[in-house]
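Quick notes on the structure that follows.
Numbers restart at 1 for each chain; the letters A, B, ... are given by sequence-line order, proteins then strands.
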There are 2 protein chains.
Amino acid sequence: MSRTLRGLPNVSDETRDRVLQAAASLSYVVSPIASRLASGRTHTVGVIVPYASRWFFGQIVAGAESVLREHSLDLLLYNLADIPARQRFFGALPLRRRVDAVLTVAMQFTDAEIADMMSLGVPIVAVGHNVPGAGCVRIDDMAAAATAVQHLLALGHRRIGMISTFNDQSMFLPVAHARRRAYVETLAVAGIPIAEELVMSVPHGMDGGEQAMRRLLALPDPPTAVFAESDELAFGALSALRRTGRHVSVIGFDDHELSALLDLTTVRQRVFEQGVLAAGMLRRAMTTGDWTPEELLMPTTLVLRASTWPVAVRTAGAG
Amino acid sequence: MSRTLRGLPNVSDETRDRVLQAAASLSYVVSPIASRLASGRTHTVGVIVPYASRWFFGQIVAGAESVLREHSLDLLLYNLADIPARQRFFGALPLRRRVDAVLTVAMQFTDAEIADMMSLGVPIVAVGHNVPGAGCVRIDDMAAAATAVQHLLALGHRRIGMISTFNDQSMFLPVAHARRRAYVETLAVAGIPIAEELVMSVPHGMDGGEQAMRRLLALPDPPTAVFAESDELAFGALSALRRTGRHVSVIGFDDHELSALLDLTTVRQRVFEQGVLAAGMLRRAMTTGDWTPEELLMPTTLVLRASTWPVAVRTAGAG
DNA sequence: TTGTAGGCGTTATCAA
DNA sequence: TTGATAACGCCTACAA
């Protein structure tokens with residue numbers, strides 16, 4: 001009977017029909033839990049995110065859900081929003097004996113935490129950051145961020161600020177690191193000295209962006225253009241500009257769904273699709289049983305809109 | 001031993017210590033799956049949403065996750081984004097034997113589907129819509145929407161449009177229904193005849209809002225103000241206005257995190273908190289074992305910003 | 001307070 | 001191709 005319901009090959013047609021009919025008439029369904037205990041496979045992937053309700057993570061989760069659901073795999077969400085949640089997670093490691101695979105999104109792990117994760121002995125794929133020994137789906141942050149800064153340089157800007165982030169634990173996420181490094185290096189290549197005061201580090205989100213831009217505007221010699229690590233930060237920056245009536249070119253990163261509305265120049269990445277691809281890698285590993293971590297690099301695109309302009313225009317107008 | 005690990009009372013201190021130590025040294029953890037099979041309780045709540053990646057649903061899910069995780073309950077996400085997903089869901093009803101409770105968010109169920117859900121025999125709480133026999137956390141949509149329309153009336157507007165939604169199956173979600181009814185009734189009370197052509201029904205999202213506003217602007221006698229069923233629709237409407245250079249007052253609904261930036265007048269509801277409360281109701285039912293569905297009404301607030309203004313001002317200016 | 005048998009509903013294995 | 005029978009790892013109940 002079990003053989004029939006699972007569609008194994010060695011069952012006669014007649015028996016199959018008989019079983020299927022009986023199952024239907026009793027509206028019988030297999031208990032996934034019992035089946036998991038007996039088989040040892042949980043058919044579940046644990047998804048770990050730092051901020052479940054942010055746009056970026058919502059996209060990733062939705063993307064992953066779509067492929068997992070299609071293959072009848074469960075998605076167990078862990079939102080490690082604050083320090084207590086994180087401590088609870090790594091203290092108890094609730095994933096143990098509970099998932100067949102793990103998907104982590106833009107997390108900053110300590111070495112000990114990575115060791116914990118690897119000790120689960122299941123395939124792991126990281127989106128937007130690198131975990132040694134795990135698969136990876138990401139963009140080339142350095143190159144993409146460099147594109148953004150180069151765009152500002154091409155417009156003639158020389159005094160360029162950056163809005164960067166740190167998290168609750170005052171840690172710089174890997175993504176923040178890479179984008180800030182690209183900023184520094186690109187300016188260096190262009191022969192522009194880095195001005196410490198032009199680099200703001202704030203908590204992620206609109207409020208952080210607004211705060212950062214206000215501080216930049218308060219400088220004796222404010223920037224004529226700003227590169228924000230993400231569109232949400234850029235939104236905050238735009239807000240500060242609008243409230244103060246000042247004019248500074250702003251470029252973001254992500255192409256958030258509202259960026260077009262706000263006319264924000266940005267670097268587009270396909271977020272939903274990264275969730276799809278990551279889940280696909282894990283699904284394959286779970287069904288075939290063999291797992292060789294691979295790295296997937298997604299392309300990015302510079303999207304030109306009205307929030308950036310040549311340096312001469314506005315400074316002349318405003319001056 | 002099982003008694004110790006589960007913290008049951010009738011264990012001597014000495015034994016408890018001994019067991020705890022042994023467990024620690026072997027880094028032993030109970031298998032949640034085996035425990036579920038034996039006890040018959042899954043410690044899992046199924047969460048059903050129509051659009052996992054939208055802001056509203058992200059907030060609800062994050063809110064629910066925070067309380068469930070705190071009590072070591074699992075959250076199983078089902079995103080019923082399209083018709084195939086929905087059919088698969090109600091065809092197989094994967095929740096059966098798998099969850100101890102269900103949380104549904106702003107879903108439109110048929111009677112048959114409701115029957116299916118109730119047949120699970122577990123507590124159900126609905127957020128943002130009503131399911132007979134289930135608990136409920138929501139706002140008073142009629143009253144809140146009426147407030148929005150009254151605001152426009154108070155500003156002197158008499159020709160007021162509405163942007164409403166239908167979903168993939170061309171069904172009007174309960175929320176859409178209530179808000180449109182409030183629109184009709186509030187105008188009626190004010191003695192204003194309803195003009196059919198002023199009510200647009202579009203798919204949810206910014207694109208829908210933009211489309212709807214364009215059609216409204218194309219009317220021989222366009223509205224001077226528009227009530228959008230949600231902020232995301234309103235964003236689209238604002239976009240259309242900006243691109244066409246026209247001026248129409250717009251009020252939204254939700255107080256999306258970006259509404260302040262866009263200066264959108266709106267009706268605020270506390271979304272994250274609704275997720276928290278709904279999950280709390282289910283958690284209590286799961287732990288105490290008794291379940292009497294209750295209904296929770298959350299307050300809303302009119303938030304005044306710059307996207308609405310008295311009718312005379314702009315029409316005079318534009319005319 | 002502690003130990004022990006029985007059962008939860010499958011899967012996997014081995015005979016038949 | 002089929003039927004029967006151990007695991008799977010825990011919880012519950014009952015006995016000691």
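Note on A/Arg3: a base of the nucleic acid sits closer than 4.0 angstrom, heavy atoms only. Among the heavy atoms of the strands, none lies under 4.0 Å from B/Arg41. Counting any heavy atom pair closer than 4.0 Å across all strands shown, A/Val29 reaches sugar-phosphate atoms only and no base atom.
The CD atom of A/Glu14 sits 10 Å away from the P atom of D/dG3 (whole-angstrom rounding). Nucleotide C/dT13 holds its C1' atom 13 Å from the CG atom of A/Asn10, rounded to whole Å. In this structure, B/Leu37 atom CG and C/dC8 atom P are separated by 9 Å, rounded to whole Å. The distance from atom CG of B/Leu8 to atom P of C/dG3 is 15 Å, rounded to the nearest whole Å. Taking atom CZ of residue B/Arg6 and atom C1' of nucleotide C/dT2, one finds them 14 Å apart after rounding to whole Å. Counting to the nearest Å, the C1' atom of D/dT12 and the CG atom of B/Leu5 are 16 Å from each other. Atoms NE2 (B/His43) and P (D/dC10) sit 13 Å apart, rounded to a whole Å. One can place CD1 of A/Ile33 at 16 Å from P of D/dG9, the figure rounded to the nearest angstrom.
The A/Ser12 side chain lies nearest to D/dT1 when the options are C/dT1, C/dT10, D/dT1. For B/Thr15, whose side chain is taken as the heavy atoms from C-beta onward, the closest listed nucleotide among D/dT12, C/dT2, C/dT10 is C/dT2.
Checked options A/Arg36, A/Arg97, A/Arg96; the residue passing with B/Ser31 is A/Arg97 (criterion: side chain to side chain contact (heavy atoms under 4.5 Å, CB included)).
Between A/Ser35 and B/Arg16, the residue anchored nearer the 5' end of DNA chain C, judged by the nucleotide with its closest heavy atom, is B/Arg16. Between B/Arg97 and B/Val11, the residue whose closest nucleotide on DNA chain C is further toward the 5' end is B/Val11.
Not one side-chain nitrogen or oxygen of B/Arg18 sits closer than 4.0 Å to the OP1 or OP2 atom of C/dT1.
Under 4.0 Å is where a charged nitrogen must lie from a carboxylate oxygen, and between B/Glu70 and A/Arg88 no such pair does. Contact check on A/Arg284 versus A/Glu294 returns a salt bridge, with a Lys/Arg side-chain nitrogen under 4.0 Å from an Asp/Glu carboxylate oxygen. Ion pair B/Arg69/B/Asp74 flagged as a salt bridge, since at least one NZ, NE, NH1 or NH2 atom sits closer than 4.0 Å to an Asp/Glu carboxylate oxygen.
Axis deviation across the helix from C/dT1-D/dA16 to C/dA16-D/dT1 amounts to 40°, comparing end segments of five pairs, rounded to 10 degrees.
Classification of the A/Phe109-A/Phe90 ring pair by plane angle, with boundaries at 30° and 60°, yields perpendicular.
In this structure a side-chain-to-backbone donor-acceptor pair under 3.5 Å is missing from A/Ser27 to A/Ala24.
A cation-pi arrangement, defined by a distance under 6.0 Å to the six-membered ring centre and an angle within 45 degrees of its axis, is present between B/Arg54 and B/Tyr51.
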